[in-house]
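One structure below.
Every number for a ligand or one of its atoms is a count from 1 in the order of the listing. Residue indices begin at 1 and follow the sequence shown.
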Amino acid sequence: MIKKILIANRGEIALRIIRACQELKIKSVAVHSTADSDAMHVRMADESVCIGPANSAESYLSIPAIITACEITGADAVHPGYGFLSENASFAQIVEDHSITFIGPSSEHIKMMGDKITAKKTMRELGVPCVPGSNGSTDTLEEALESAKKITYPVIIKATAGGGGRGMKVATSSDELRKNYHTTKLEAKNAFGNDQVYIEKYLSLPRHIEIQIMGDGNGNALYLGERDCSLQRRHQKILEEAPSPVLNDQIRQNIGSICAKAMAKIKYSGVGTIEFLYENNKFYFIEMNTRLQVEHPVTESIFQIDLVREQIKIASEGTLSFEQDQLKIQGHSIECRINAEKLPDFTPSPGKITAFHSPGGLGVRMDSAIYQGYVIPPFYDSLIGKLIIHAENRESALNRLERALGELIVDGVSTTTQLFQELLLEPDIQNGEYSIHWLEKWLQDKEHKTNL
Ligand code: ADP
């Protein structure tokens, strides 16, 4: 049994994990940088350890500092949250080598899926449909041109180690591929320390639909529906909903079973997300995240399941709490990522929060680590809260979201709240008719109108 969990993260996700620990009567340890001494996760955990300076390379990403913190506090498990070290295979291995439980999949699976080329190859072999693309990496421009000719333009050049929406460039012609190939490689090398790239068909109007899966590590796995994350800016998710407005039960069951079978076959352990692009009623695998995702609460809402509790249970007992046929979708859920950013340019807006009022009421959940008087440091990402709505159907969820956004008060810094209020007025959003390019286009049109 796990007795004490060290949370190798910060912000709302650290708090989310501490909350699960409290309900399970498991002790929690927060780690923090010097910039986060007053952070909410430090206040809420049973114990806390300062692990380094503001620069995350020397604190939240420092494996020796985190292992030392485990030893000092006697933590017998580590939860990595998302981002930071959550998909670092050697971190998972080092944690296990110290006889500490890593709450997540095996380092072997993290490694397999962390490299997008290996991930695609594995998934293809497991019978998961993939985006047409080059056979492995394209190491020279000539290879890339040859692949693109076969796949047909437009194509997308992608870094195998890419993440966070970075390391991708579209090419609509061979000239453009010539122009972008080496820059993508160079950017990948600088950002991820790995310059390997590959070519994929660039889908023109897909939706981003991902399947939540869960495995016990012993060959049993199940799926927990999908999340539709098509509303994106710069390949990054802004709003997520479940179920997707465009899937029916049959399609959901088909793709869900394919994913669960694949995960059972590799004996995947823990929660994970298999990401697809969806166009013309077809799914195309793009990548797998071997961790809890930012948008996990929409799945929790429609299944009334605590995914962090399940993660802890799998890590400590190697069992799942339910069978596939016990999982029934109830209603509709939408999440908005509230960032401390100034519109219209989305420039980060760190600083002191002078007033904060969290929305409440039936079906409203606010996962946030801010409080009145808190100073948002400039060193980390700008997510300050996730507003998660649950209602009996999509229409009610949208109405409830509008009501909740109206209650949210964050003074002292700029936030993206107004963006969602404006989006809710759009018929395409109301009708669920949007692809991964919808938001970028809407923002461009808006800018154009403002400049007229
Ligand atoms: P990351 O690891 O950076 O999140 P992903 O491979 O998950 O990268 O892709 C992120 C987003 O980039 C997708 O949700 C989609 O919007 C866009 N994208 C990725 N691959 C393609 C593709 N082949 N065609 C069109 N858009 C793509």
Side-chain angles (χ1 to χ4, degrees), residues 82-84 86-88 110-124 128-134 137-138 144 147-148 150-172 176-177 180 184 187-188 190-194 196-212 226-241 244 246 259 272-280 282-296 337 381 383 434-443:
Y82 54 69
F84 294 123
S86 61
E87 288 177 299
N88 183 316
I110 298 175
K111 203 167 163 192
M112 180 191 278
M113 298 303 171
D115 179 282
K116 293 188 183 182
I117 293 173
T118 315
K120 264 183 95 170
K121 187 170 173 285
T122 311
M123 287 299 196
R124 199 176 297 119
V128 178
C130 295
V131 188
S134 56
S137 68
T138 53
S147 280
K150 271 194 213 137
I151 304 162
T152 73
Y153 289 92
V155 297
I156 183 165
I157 317 160
K158 292 174 83 169
T160 187
R166 293 176 311 146
M168 281 181 265
K169 269 205 172 67
V170 179
T172 53
E176 223 173 5
L177 181 56
N180 290 341
T184 314
E187 278 172 23
N190 292 337
F192 316 109
N194 177 348
Q196 259 197 347
V197 295
Y198 62 105
I199 306 281
E200 227 169 46
K201 176 79 188 166
Y202 182 69
L203 301 179
S204 56
L205 283 174
R207 297 182 78 107
H208 173 119
I209 298 181
E210 54 189 37
I211 307 293
Q212 175 73 56
E226 76 283 5
R227 294 184 286 261
D228 194 320
C229 315
S230 303
L231 214 66
Q232 300 182 352
R233 177 177 170 267
R234 300 195 173 162
H235 304 307
Q236 282 186 305
K237 300 159 189 167
I238 297 268
L239 175 148
E240 302 93 352
E241 57 180 313
S244 165
V246 298
C259 291
T273 300
I274 306 186
E275 297 193 335
F276 294 93
L277 294 178
Y278 181 73
E279 194 175 65
N280 297 329
K282 283 203 190 107
F283 283 95
Y284 301 94
F285 169 75
I286 45 170
E287 70 158 348
M288 175 166 183
N289 289 142
T290 51
R291 54 170 166 84
L292 190 69
Q293 285 194 284
V294 177
E295 59 273 24
H296 75 276
R337 298 192 189 194
D381 71 9
L383 182 75
Y434 53 90
S435 80
I436 58 168
H437 303 301
W438 189 94
L439 182 60
E440 294 273 4
K441 188 169 176 303
W442 182 80
L443 289 167

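Looking from atom 4 (O) of ligand 1 to the surrounding protein, the closest heavy atom is Glu287 OE2, 3.3 Å. Nearest protein heavy-atom neighbour of atom 8 (O) of ligand 1: Lys116 NZ, 3.1 Å. For atom 16 (O) of ligand 1, the nearest protein heavy atom (residue, atom name, distance) is Gln232 OE1, 2.6 Å. From the protein, the heavy atom lying nearest to atom 27 (C) of ligand 1 is Leu277 CD1, 3.6 Å.
Distances below 4.0 Å separate heavy atoms of Ile436 from the following atoms of ligand 1: 15 (C), 16 (O), 26 (N). For ligand 1 and Glu200, the ligand atoms under 4.0 Å from any heavy atom of the residue are 20 (N), 22 (C), 23 (N). In the vicinity of Gly165, heavy-atom distances shorter than 4.0 Å reach the ligand 1 atoms 1 (P), 3 (O), 4 (O). Within the listing of ligand 1, atoms 2 (O) sit less than 4.0 angstrom from a heavy atom of Gly162. Atoms of ligand 1 found under 4.0 Å from any heavy atom of Met168 (numbered from 1 in listed order, with element): 3 (O), 8 (O), 9 (O), 10 (C), 12 (O), 19 (C). With ligand atoms numbered from 1 in the order given, ligand 1 contributes 7 (O) to contacts under 4.0 Å with heavy atoms of Glu275.
Judged by distance alone, the side chain of Glu226 and the main-chain N or O of Ser244 form a donor-acceptor pair under 3.5 Å.
The residues Glu200 and Lys116 are annotated as not salt-bridged, no charged nitrogen and carboxylate oxygen being separated by less than 4.0 angstrom.
For the pair Val131 and ligand 1, the shortest N or O to N or O distance does not fall below 3.5 Å. For a threshold of 3.5 Å applied to N or O pairs, the pair formed by His208 and ligand 1 contains at least one separation below that value.
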Salt bridge (charged side-chain N to carboxylate O under 4.0 Å, His left out) between Glu275 and Lys237: does it pass, once the steps are laid out?
CA-CA 12 Å; Glu275 297 193 335; Lys237 300 159 189 167; 2.8 Å; yes

Test salt bridge (charged side-chain N to carboxylate O under 4.0 Å, His left out) on Lys169 and Glu176; report intermediate values, then the result.
CA-CA 10 Å; Lys169 269 205 172 67; Glu176 223 173 5; over 6 Å; no

One pair to check against ring-ring contact (aromatic ring centres under 6.0 Å, His included): Tyr284 and Phe276. What are the steps and the verdict?
CA-CA 5 Å; Tyr284 301 94; Phe276 294 93; 9.1 Å; no

Given Lys111 and Thr118, is the side chain to side chain contact (heavy atoms under 4.5 Å, CB included) satisfied, shown in steps?
CA-CA 9 Å; Lys111 203 167 163 192; Thr118 315; over 6 Å; no

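Judged by distance alone, the side chains of Gln293 and Thr273 do bring a donor and an acceptor atom under 3.5 Å apart.
Heavy atoms of Lys201 found under 4.0 angstrom from ligand 1 belong exclusively to the backbone.
None of Glu240, Glu210, Glu241 except one satisfies the salt bridge (charged side-chain N to carboxylate O under 4.0 Å, His left out) rule with Arg227; the exception is Glu210.
Within the 4.5 Å cutoff, the side chain of Gln196 has heavy atoms near those of the Asp115 side chain.
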